[in-house]
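Contents: one structure, followed by commentary.
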Protein chains: 2
Amino acid sequence: MSASTPPRPVRADAERNVTRILEAAKVVLADDPTASLERIADEAGLARATVHRRFACRKALLDALFAQLNEQYLHALDEAKVETAPPLVALHRVTELVIGIKFSHRLAVDVVSRVHNGHSFLGDEVVERAELLFSRLHAAGAITAASPSWCLRLYLAVLDAVHQLPAGAPELGEGDDAAARTRLQVSTVLGALGGRGPQ
Amino acid sequence: MSASTPPRPVRADAERNVTRILEAAKVVLADDPTASLERIADEAGLARATVHRRFACRKALLDALFAQLNEQYLHALDEAKVETAPPLVALHRVTELVIGIKFSHRLAVDVVSRVHNGHSFLGDEVVERAELLFSRLHAAGAITAASPSWCLRLYLAVLDAVHQLPAGAPELGEGDDAAARTRLQVSTVLGALGGRGPQ
DNA sequence: CACAAATGCAACACGAGAGTCTCACTTCTG
DNA sequence: CAGAAGTGAGACTCTCGTGTTGCATTTGTG
């Protein structure tokens, strides 16, 4: 789309700060979706004015944030070969990647549902492809629940619960944290949706 | 504590408005946890000044709201005989009652976690008794998950998902809405926590 | 190095919401 | 019915966050 660098006088310096701001926004907004731009600027180690220079207004910043998130989701769906791989494998793989996206999904829901009034924080394409995965899981007999939208809703609810689980929780066992959360997420969702689960 | 009515010149009129305000707050805050007192006053059909007369400040209103919610939860736990009845029966019964409390639990989480910084929106007693129920479920072999706190966390996450489900959703079947949601909640949670579920 | 770009800082205007107060008016309650 | 309690409406203060601007200074880049 626009990864090239044509006659573009954007100093590398500035672009780096864009990243910093987005990163800071993730952290701060996860703690409080209504946090001020000043808090975000502080977290990024920049002046508030700079935030306003990189992003026209608050909404623009949030747009960028969610655009980035969406891109990561799409990448995860690609990587997991959601429409072709065996559904259980794809579910596990996509979950692994989604868990890797250190991002409070509740944040997304919170912020989007009222600051961003209207459109879902998940792009239509993400929703469609995710629901397709659940359809495939159902067709394969891995789950009983038939409605993909309910499956997705539940998946996200559980994802939030798993995400909020403190680091050393007993449910996570002892090994790698991300791997443990992935396992917990997958087995919980499969159980919830009427599957037997791989455990 | 203070349920008596000593030399208390509280006009019935005023007390009725307290109820109206709390009711309005539930509705409005469910839509937007950061809604202004004016919106709440409008919803209640009262002037903003009146809200300030009944509740010293925003925090006081929220305190009252959550105190009321907590009372309802405690009542549900009593009613369901959570510590003595067969755990599966108690789970079903308490869920039935909780679903009856038309209240956005996400609202509670949202508001409490930052406006009310610090204490959980669920009173300690509610948490303890709820966790005890999950312990009993585990002991009875109805679920596999051993950590009561994880069970409760997941229960609430699922509750939110079930609560947000639109009225005529396919998952709910055709009968009574509340009963259908109760069934869905119970079977989903049991499945998620490693039980077979009663379905 | 020299210049343009980017930043920090401070100040400002603006709007929204909380909380307070007064006063005329309505509504309970004894 | 009479007085007390409650309310609505409006004005006012205060605080906080957003968005903008000007200017001196720092930092990147050809």
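Per chain, numbering begins at 1; letters A, B, ... match sequence-line order.
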Measure [atom1]/[X] against [atom2]/[N] and give the value in whole Å, please.
| X | N | atom1 | atom2 | value |
| --- | --- | --- | --- | --- |
| A/F55 | C/dT7 | CZ | P | 11 Å |
| A/L61 | D/dG19 | CG | P | 10 Å |
| B/H52 | D/dT13 | NE2 | P | 17 Å |
| B/D13 | C/dC25 | CG | C1' | 14 Å |

_Can you work out whether B/A12 or B/C57 has the more 5'-proximal nearest nucleotide on DNA chain C?_
B/C57
Salt bridge check, [Y] against [X]: does any charged N sit closer than 4.0 Å to a carboxylate O?
| X | Y | result |
| --- | --- | --- |
| B/D13 | B/R16 | yes |
| A/R39 | A/D42 | no |
| B/E125 | B/R129 | yes |
| A/R93 | A/E96 | yes |

_For A/A35 and A/R53, find the nucleotide of DNA chain D closest to each by heavy atoms; which residue's nucleotide sits nearer the 5' end?_
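This one resolves to A/A35.
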*Determine, step by step, whether A/S147 and B/E171 satisfy the side chain to side chain donor-acceptor pair (under 3.5 Å) criterion, reporting the C-alpha distance in whole Å, the side-chain angles of both residues, the deciding distance to 0.1 Å, and the verdict.*
CA-CA 7 Å; A/S147 158; B/E171 293 76 23; 2.6 Å; yes
*Which residues, if any, of residues 36-50 of chain A bring a heavy atom under 4.0 Å of DNA chain C?*
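Per residue number, the list reads A/G45, A/L46, A/A47, A/R48, A/A49, A/T50.
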*Kindly indicate whether the side chain of A/R11 and the base of D/dT27 share any N or O donor-acceptor pair separated by less than 3.5 Å?*
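Flag set: donor-acceptor pair detected.
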*Any sub-3.5 Å donor-acceptor pair from B/R181's side-chain atoms to B/V162's backbone N or O?*
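Between the backbone of B/V162 and the side chain of B/R181 there is a qualifying donor-acceptor contact (under 3.5 Å).
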When you measure from the side-chain N and O atoms of [X] to the phosphate of [N], is any distance below 4.0 Å, counting only OP1 and OP2?
| X | N | result |
| --- | --- | --- |
| A/R54 | C/dT7 | yes |
| A/R58 | D/dT18 | yes |
| B/N17 | D/dG6 | no |

